[in-house]
Amino acid sequence: MKTSIMLLAWAYLGLATISMTVSATPNDLSRERQATKKPITVTIDAFQFQPDKIVIKRGQSVIFINTDEVPHTVTPDKNGHFVPSGIIKGGEQYEVSFESIGVQDYSCDFHPSMHGRVIVK
């Protein structure tokens, strides 16, 4: 008899856990999605993208900040699906939202040795 009561109690608790998970309000879910899509910052410093490889979620944006005194660009390579930055002067920034899932490589038009990669999941 004790075993039956224990099993019923555990079963009840298991169902209660499931119903609590399912009963999250839409506002809670919306806040959670927004919190996970905060922009990521990539600094352009000493002729390098730092970090040069990032992983983000679809719809998340990246802010590229040029801390060098010379201008740079953020230009998608063949597998990149975003609008090129054009010239980003020292002290300026460029924000791009990544909507396409996959690996997106980019480089600087003025300095071909500068490369970066965004992995969008």
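Since the model is a prediction, treat every value here as computed from it, not as a measurement. Because only heavy atoms are used, hydrogens play no part in the values below, and waters and symmetry mates are left out as well, while side chains stay in.
Looking at V42 and Y106, their side chains come closer than 4.5 Å, going by heavy atoms from C-beta outward. Using a 4.5 Å heavy-atom cutoff, the side chains of F98 and Q60 are not in contact. Inter-residue side-chain proximity for V103 and N79 is flagged as met; some heavy-atom pair is nearer than 4.5 Å. You'll find the side chain of I88 reaches within 4.5 Å of the side chain of V74, heavy atoms only. Looking only at side-chain heavy atoms (C-beta outward), D77 and S107 come within less than 4.5 Å of each other. Taking 4.5 Å as the limit, every side-chain heavy atom of I54 sits out of range of all side-chain heavy atoms of I119. V96 has its side chain out of reach of V83: every pair of non-hydrogen atoms, C-beta onward, lies at least 4.5 Å apart.
Applying the salt bridge (charged side-chain N to carboxylate O under 4.0 Å, His left out) test to every pair with at least one member in residues 103-118, sequence neighbours left out, gives these pairs: D105-R117.
Across every non-hydrogen atom of T73 and T75, the tightest pair is OG1-OG1, 3.1 Å. Residues M114 and Q48 come closest through the heavy atom pair CE-N, 4.0 Å. Of all heavy-atom pairs spanning R58 and E99, the tightest one is NE-O, 2.9 Å. Nearest heavy atom pair, residue H81 against residue S100, reads CB-OG, 3.7 Å.
For the atom pair D68 CG and I44 CD1, the distance stands at 7.5 Å (nearest 0.5 Å). With values rounded to the nearest 0.5 angstrom, F82 atom CZ is found 12.5 Å from S61 atom OG. To the nearest 0.5 Å, the span separating NE2 on H111 from NE2 on H72 amounts to 5.5 Å. One distance of note links NZ of K121 with CD1 of I101; it measures 10.5 Å at 0.5 Å rounding. Atom CZ of F49 is separated from atom SG of C108 by 5.5 Å, given to the nearest 0.5 angstrom. Taken from OG1 in T43 to CD in Q93, the straight-line distance is 10.0 Å, to the nearest 0.5 Å.
A donor-acceptor pair shorter than 3.5 Å cannot be found between the side chains of E95 and S97.
In this structure, the ring of F110 has its center no less than 6.0 angstrom from the ring center of F47.
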